[in-house]
Amino acid sequence: MEAIANPRITCAYLNSYVGKNVIVVGKVTQLRGEEALIDADGNITAHLNREAHLLVGNGVQVIGKVNPDLSIKVLTSMDLGTGVDYNLANSVVEISHQHRSLFAYE
Amino acid sequence: MTSYGGYQRTGYGTQGGDDGGGFMGASQQGSQGGEKKSYADDTLRPVTIKQLVDCKEPYPGADLAVDGLPTTQVTLVGQVRAVNPQAINITYRIDDGTGLIDVKKWIDAEKPDSATPFALDTYVRVFGRLQSFNGKRHVGGHFIRAIEDFNEVNYHMLEATYVHLCLTKGAAAGGDQQQQQQQQQQQQGGGDGMFVDDGYGGGGADSAAIQARLSPCSRTARTVFNFLANSAGDDQHLNQVVAGTGLSVRDIMGATEELLGHGIIYTTADDETWAILDT
């Protein structure tokens, strides 16, 4: 079927995914109008869309495209509340890159 | 394999190990091939959607296999990307970041709740049966519920990876055991193992019960156990164990001491002859 996959990444992996769609789970640290700073094992700038409803201090999952300047153009975002285990989310990113056969199309 | 296959046979003095190990592997795969459908064997497997998209039928009409194991009941976690309500079922397109798959949930007329579709972008957990129809995969959803704690999504990804690794590389009871099983797999796959003791494949030690009993034992103890399990005759003398395993007398005495201590083997004719204690 469709080979549409959005890899889960953290800040460290941004470089490898320029121009691709990715999933980032992190904590919103700053909101500046249309821009947000998301901490996912490092700070990522996200350019939000109109529908985004983010709260500083909450977890967020954004799906978006990585720009050449390593910011993310958000396609969809989802507020995750406060109970997000970021270490767990970062582990999943690491695991998903170690065991690519389960997660990613080459 | 051929280069030292003969050596192993002389080592045993019997037709044991090598062939035995191979047979076990083959028989295992035979039963997994789905000759007869046994729904009692169905186990619920956590998977990523990519595994379902990638999985193959061993032959047309067979159960779909993930990691070479027939897989029917699966559980997956993903976001609802599309909802297509029909008269008797609701088809959800589920996305977990690794792929997309359709999940068909039949509407139960007696439960009005089941007719209310989940909203788009909701994270849901699906329990269902993997099905293939005209070459198109879908999951027949037994049960779908919304996920309230987002951590469950990440947890599921780790669980799916853990199960995948358990099935492909052996359980994580100990690093030692994992390595051993990995080497056995290479052996059965025709790879050239470095050490003779790897040759005593899962043959005797294949069942989960024995693995559980062996879990506290050292690698040497397992080697000796596997030799005893794979050799013909009830008991083996120290000299036969030395010849068969290639281990030193001192190592074997240590290993048997350990196995005796765990009640896995017992001494027979004298203190240097052992047999496996069946439970």
Side-chain angles (χ1 to χ4, degrees), chain A residues 1-10 13 17 20-28 40-41 49 51-55 58-65 74-106, chain B residues 45-55 64 66-68 76-82 93-103 119-123 130 132-139 147-169:
Chain A
M1 262 205 326
E2 291 90 335
I4 303 165
N6 305 317
R8 286 159 209 278
I9 65 160
T10 52
Y13 289 96
Y17 290 94
K20 298 199 174 107
N21 284 351
V22 294
I23 300 179
V24 171
V25 173
K27 185 176 185 173
V28 182
D41 214 15
N49 56 5
E51 296 94 70
H53 293 288
L54 304 188
L55 286 170
N58 275 15
V60 67
Q61 170 187 284
V62 299
I63 300 181
K65 193 172 181 177
V74 174
L75 303 171
T76 65
S77 63
M78 187 185 191
D79 182 57
L80 302 175
T82 50
V84 180
D85 184 339
Y86 299 104
N87 289 329
L88 174 64
N90 295 343
S91 310
V92 169
V93 170
E94 294 303 322
I95 294 288
S96 70
H97 284 81
Q98 276 168 32
H99 302 284
R100 298 184 63 87
S101 68
L102 293 183
F103 295 94
Y105 300 87
E106 300 303 333
Chain B
R45 208 171 146 187
V47 291
T48 66
I49 291 174
K50 174 164 190 284
Q51 286 178 292
L52 301 182
V53 172
D54 278 358
C55 69
L64 292 163
V66 178
D67 298 329
L76 53 92
V77 162
Q79 276 180 292
V80 176
R81 287 285 177 241
R93 177 149 288 195
I94 305 290
D95 171 11
D96 71 350
T98 71
L100 283 165
I101 198 159
D102 284 340
V103 175
L120 285 181
D121 290 345
T122 323
Y123 261 110
L130 179 59
S132 179
F133 186 70
N134 283 343
K136 207 165 146 45
R137 311 265 156 80
H138 73 268
V139 172
I147 283 181
E148 276 155 27
D149 183 348
F150 176 75
N151 293 321
E152 184 175 344
V153 177
N154 283 327
Y155 163 76
H156 175 80
M157 294 299 159
L158 295 185
E159 192 187 20
T161 313
Y162 174 74
V163 170
H164 162 76
L165 291 176
C166 273
L167 294 173
T168 52
K169 301 200 169 155

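In this text, all values refer to a predicted model and were calculated from it rather than measured experimentally.
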Problem set entry | CD (A:Gln98) with more than 12 external heavy atoms under 6.0 Å | yes
All heavy atoms of B:Tyr155 vs all of A:Leu88, minimum pair found to be N-CD2, 4.2 Å
Result for side chain to side chain contact (heavy atoms under 4.5 Å, CB included) between A:Phe103 and one of B:Thr98, B:Ile49, B:Asp96 points to B:Thr98
What's the verdict on side-chain contact (heavy atoms from CB on, under 4.5 Å) for A:Asn6 and B:Asp95, showing C-alpha distance, side-chain angles and the deciding distance? CA-CA 9 Å; A:Asn6 305 317; B:Asp95 171 11; 3.9 Å; yes
Bottom line for A:Gln61: the part with an atom under 4.5 Å from chain B's heavy atoms is side chain
So, the part of A:Val22 with a heavy atom under 4.5 Å from chain B: the answer is neither
B:Asn151 side chain vs A:Asp85 backbone, donor-acceptor pair below 3.5 Å:
yes
(message) I'd like to know if the side chain of B:Thr48 reaches the main chain of A:Leu102, judged simply by a donor and an acceptor atom lying under 3.5 Å from each other, with no hydrogens or angles considered.
(response) yes
Mind checking whether B:Gln79 and A:Ile63 have side chains closer than 4.5 Å, heavy atoms only?
-> yes
Applying a strict 4.5 Å limit to non-hydrogen atoms, the region of B:Asp54 in contact with chain A is side chain
Review point. Between A:Val92 and B:Val153, is any pair of side-chain heavy atoms under 4.5 Å apart?
Key: no
B:Asp121 side chain near A:Met78 side chain, heavy-atom distance below 4.5 Å: no
Closest non-hydrogen atoms of A:Ser101 and B:Lys50, given as atom of the first, atom of the second and distance, are O-NZ, 2.8 Å
